[in-house]
Amino acid sequence: MLDMDVVFGKDTSYVAALTMRAPRPVSFSSNGELTDSAIRGDLDINWNTESQDSNVRMAAAVNDKSDSFTERKDVSVTVTLPRKTVVVTGSLTRSSIALSSSGNLIVDGVTKYGIDYETSDRNRRSNMEQSKSLAIRLPSRTLKTTSLFSDSYGIRTTEGAIFWDAGRDETQKIGVRGSLNPQGRSTKADFSVSFPSLGKNVKLDSEVTMNSGNIIFDGKTEFSYSGDVNKNLVIHSRVEDLSSGFRKNYSFVVGVTHPATTIDVQLTSNLGHADNKYSADMGFQYLTANRNRKNFALMGEIDNMRKQMKFEMVSPIKSVKVSGQVSTSVPYRLSIHNLYDERPVDAELIIDPSKLSMGFHMNYDIDNQGKVLHAEAKYVNNSAIRAEIYREENTQRITDSLFAMRLNTSRMLHTRLHWRPTLVQDLKTYGLRRMVRNSRDFVELFNEISSGVNEEVNSKYNSIRSSVLEELAPYFQLAANNIRGMQREVTSLRGTVDCDMLNSRIDELSEHITTVVVEFQNLASWMETAASSRVSYPMKDSVDEYIVGGSELLQAIGQESRRNFATMMNSLDVKLGELSTTALLTFKTYHDHMTNAIAQPLNTDTLRLVKAKYNAYVSKVTNQLPSINDLAQRYTATRYNGREQINSALYGLLNRPEVDFIQSKAAAAYKFWEVEENTKAALASVYDHVMEIIEDEIEALKTVITDLEKTKITVFDPLNGEVQTDTYLVVPMKSLKTLPGIDVIQHYNNIRSYVPDISELRSIYDYLPSSDFSTWMPPFDAFGTVEGNTFTTFDGKTFQFNGRCSYVLAGDYMDGNFSIVLDYMGKQKIRVIITTIKHAVQLLPKNKLRVDGAIVEMPYHDEDITVVNEGDDVTVRGHGFTVRHNVPSDVYEIGLSGWYYGKTGGLLGTYDNERHNDMMMPSRQLANDVTSFADTWEVNDRCR
């Protein structure tokens, strides 16, 4: 049976009720009110009216107290149980510039949890401020965060904080603050982190100024984490323009300081230029762990006006000062003054063109200023040259080597070469002595530096360690205290719930927290104690072992170096002795050969060739000319035949008196001239005259060759370091200051004047030396060629190669001054690319020229390259090299100066007078065949 009553109605509020009696006693009632500013409602439920513990009552209300400027609302919900009442409240206030909101959870009249949130945004002209805060209220503590951002006339500030017990202690927080403050051309920035509960304030301040007056850049950053200013870390830098007028001066400073750990480092530098003077200096200062200040400085100065140069270096261990001066007036002078730890070492180079002399002087022993090395070379007079290397040791003169040349006569040159026989052994003794001392000094210096650095690192480590431990100890103590507070809160939970298992777990957690608290307290106590103790830094034992091992290694290297030096000097002494013996035997062999050759000069191959060529020429001339008798007979026959023909044709005319007179005169002339005899005599006279001239020339040549026997070694005593020679000069010399001009072609032309056909004597020219004396002495020029598929290297090796790519023909692989590339363009066309430091020149087909990518006309001239068209040749001349292209034959000839000896690489070889290594690859290995060799010199991997 269902027995219940239901009521619903509206009076001042909405009302609804339900009462059930059967099948069970249940009651339900509610009422509510709705207005423009409020909403209210109550709900009462009893699911067993016969029991006092079976009902619940809920009430809710929303109020709106907003106006046109501000929105204000609050809400509350109440739940009432038979044994407990729970209330939830909330509020909201919002305007155009601010917002605040809060909420609470209240149990039996006690606020258990709550949350508060506030924000504001205020803007007014040049001021702007934004703030936010959030708080969470817990039973044991209140957590809160705040933030603030402001911009007032360009000054920007940001602040933030985290509170972990805001309700009871506002100092229990971490605060962060940052600001940016532009001040004209400078900008200041601050950043700080504060721990009020610990009395700690970690702060980072930075200030930067740019382009303000003479200041180009000025920056300072300071990091502080303690109330002790000695623990502030400061980094500063500054770049400044101190120029005035025509004087330029720039300075640079950077430094780092941290007094608590004895870190104090500063680097300064200056660059200056004024009135032909350039200067630069750099200073480095630092503070040791023992608070001793060490300096390291570099300074350099160049004075173009005074032709002076200075250099100075000062270090904690060594001091070096170098100054130099150049004099551009005759005599030219270069002076260098050095100070090593205040001990001078001076050197001077003097060149006097007016006296044709040069001298070099230097005190070579820093420990004995009386030891001076001299090297002098000069013209004693027009007929004598002297070069000498000698030493002065405490006023005693010791000649190490001497070279002298003197013209005894215009055709006799006397040469003397002298050296001290014990020079090698003296060098060995002196070198070993210096090596022993230098090795000892170097080991001592290594030990001093290593030990000093090791101790410095250890001291710095302990300073930093102490500082860090002192700062960390309070944090660990704070952590222990906070954990202990958490332990009390955990313990207070015991008994709130009637559950033995839960209470047991709470007891276990409390014991574990107690253990952690003890560990943190012990660690904090250890830090406080350890901060005042001194220990070795990690790996110090290993570093000590490395220092000892390094010292022993240096000693071993010194011993091995001395042993190798002694072996080398002994070997050099033996080789010099063998060289002297070999030179003597070679000279004797050469002298005997010359003597035998001179004894029978007319039987030499050259003279026999000359004689054979001359006889062949005479025979040819004789065969081509008719004999003298035959010439006369032809003349007589012609005369008589002509007379008979004229007589028969002009018989009447010839009988005339005037014609008969002419005939009588002609007969008299013929008889008077005697053509047959006169012609024969004239030819015989020419023949005899030519033979006399040739015999005189050959006799003169014989005399020259005979005079060569006068060249001899007058003294050959290598054991005592003395060699003297007398050299007969083919060409007379009046002075050693100038070489005589020799025109071999003139002598050749004298012979040619008697010989009309030069081709008959062409081979004689092959035996005549060049008239350019520069080609008689090394270094000799070298030439390589490319003719079709035939390549001839600088050292004369020839090989065949048909390329399809671009290949390096020759290049300077020491200094990179030039490279020459052969590029196969296809269709049997090639081009040569010459690259210098400044230009890229291409010799193209059809006699075209491209320079730096543009077609240009020839001739082309620049400071480092010249291209000219000389007949059928196009010639490129650079510094020390030439490339000549004969256009009709398409032959390329590459010439190198002797100064590139041993410095080149490419398809044309290494130019070192060794053909066996001409197929050397860039890896310095020898190729087995031409293809492999050429492939390594390809410019790129892509072939046409």
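Numbers for residues simply follow the sequence, beginning at 1. What you see is a predicted model; the values in this text were computed from it and never measured.
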### Task
Taking the side chain as every heavy atom from C-beta outward, state whether Asn817 and Ile837 have any pair of such atoms under 4.5 Å apart.
yes
### Query
Do the side chain of Asn363 and the main chain of Asp346 share a donor and acceptor less than 3.5 angstrom apart?
yes
#### Entry: Beyond-backbone contact of Glu301 with Lys277, side-chain heavy atoms, under 4.5 angstrom
yes
### Task
Grab the two heavy atoms, one from Ser243 and one from Asn249, that are nearest each other, plus how far apart they are.
OG-N, 3.0 Å
### Message
Using the side-chain contact (heavy atoms from CB on, under 4.5 Å) criterion, which residues pair with Leu99? Sequence neighbours excluded.
### Response
Leu92, Arg94, Tyr117, Thr119
### Task
Given side-chain hydrogen bond (donor to acceptor under 3.5 Å, both in side chains), test Ser179 with Asn181 step by step and report yes or no.
CA-CA 6 Å; Ser179 66; Asn181 183 8; over 6 Å; no
#### Entry: Flag side-chain contact, heavy atom, 4.5 Å: Val256 against Leu233
yes
### Query
What distance do Asp218 atom CG and Asn211 atom CG have between them, rounded to the nearest 0.5 Å?
12.0 Å
### Query
Taking atom types as modelled and ignoring hydrogens, do the side chains of Asn232 and Glu222 form a donor-acceptor contact shorter than 3.5 angstrom?
yes
### Task
Taking all non-hydrogen atoms of both residues into account, name the closest pair between Ala166 and Phe163 and its distance.
CB-CB, 3.7 Å
### Query
Are the side chains of Thr157 and Arg177 in touch, meaning some heavy atoms are under 4.5 Å apart?
yes
### Query
Do you know which two heavy atoms are closest between Ser131 and Ser120, and how far apart they sit?
OG-OG, 2.5 Å
### Query
Counting heavy atoms not belonging to Arg440, are there more than 12 under 6.0 Å from its CZ?
yes
### Message
What I'd like to find out is whether the side chain of Thr515 reaches to under 4.5 Å of the side chain of Val518, using heavy atoms alone.
### Response
no
#### Entry: Pair Leu349-Met358, side chain to side chain contact (heavy atoms under 4.5 Å, CB included): steps then yes or no
CA-CA 7 Å; Leu349 175 65; Met358 180 186 72; 4.1 Å; yes
### Message
Atom CD1 of residue position Ile162 - does it have more than 12 heavy atoms of other residues, nucleotides or ligands inside 6.0 Å?
### Response
no
### Task
Give, for atom CG of Asp151 and atom CG of Leu180, the distance between the pair rounded to the nearest 0.5 Å.
9.5 Å
### Test item: Ile216 and Glu240 side chains (from C-beta on) under 4.5 Å apart, heavy atoms
no
### Query
How far does CG of Asp116 sit from CG of Leu134, to the nearest 0.5 angstrom?
8.5 Å
### Task
Identify the heavy atoms of Ile115 and Arg137 that sit nearest to each other, and give their distance.
N-NH2, 3.5 Å
#### Entry: Distance in Å, Tyr813 OH paired with Ser819 OG, rounded so as to fall on 0.5 Å steps
7.0 Å
### Message
Between Leu373 and His361, is the side chain to side chain contact (heavy atoms under 4.5 Å, CB included) condition met? List the steps.
### Response
CA-CA 6 Å; Leu373 174 67; His361 315 280; over 6 Å; no
#### Entry: side chain to side chain contact (heavy atoms under 4.5 Å, CB included) evaluation trace for Asp264 with Thr257
CA-CA 4 Å; Asp264 187 355; Thr257 60; 3.3 Å; yes
### Task
Would you please classify the geometry between the Tyr278 ring and the His273 ring as parallel, tilted or perpendicular, with 30° and 60° separating the classes?
parallel
### Residues, nucleotides or ligands: over 12 heavy atoms within 6.0 Å of Arg156 CZ
no
### Message
Show the nearest heavy-atom pair for residues His879 and Asp864, with the distance to one decimal.
### Response
NE2-CA, 3.5 Å
### Distance-minimising heavy-atom pair for Asn230 and Pro259
O-CD, 3.2 Å
### Message
Can you confirm whether His374 sits close enough to Val372 that some side-chain heavy atom of one is under 4.5 Å from a side-chain heavy atom of the other?
### Response
yes
#### Entry: Thr268 vs Phe252 side-chain heavy atoms within contact, under 4.5 Å
no
### Message
Quick test of your reading of the model: are Asp812 and Lys903 salt-bridged, counting only N-O distances below 4.0 Å?
### Response
no
### Task
Using a cut-off of 6.0 Å, state whether more than 12 heavy atoms not belonging to Lys188 lie near its atom NZ.
no
### Message
Any side-chain to backbone donor/acceptor pair from Thr836 onto His839? Under 3.5 Å, distance only.
### Response
yes
### Query
Rounded to the nearest 0.5 Å, how far apart are OG1 of Thr514 and CD of Glu519?
12.0 Å
### Task
Could you walk me through whether Ser152 and Asn127 pass side-chain hydrogen bond (donor to acceptor under 3.5 Å, both in side chains), step by step?
CA-CA 4 Å; Ser152 178; Asn127 296 319; 2.7 Å; yes
### Query
Can you tell me how far CD1 of Ile97 sits from CZ of Arg124, rounded to the nearest 0.5 angstrom?
11.0 Å
### Query
Going through the checks in order, is the side chain to side chain contact (heavy atoms under 4.5 Å, CB included) test met by His236 and Val253?
CA-CA 8 Å; His236 63 91; Val253 179; 4.0 Å; yes
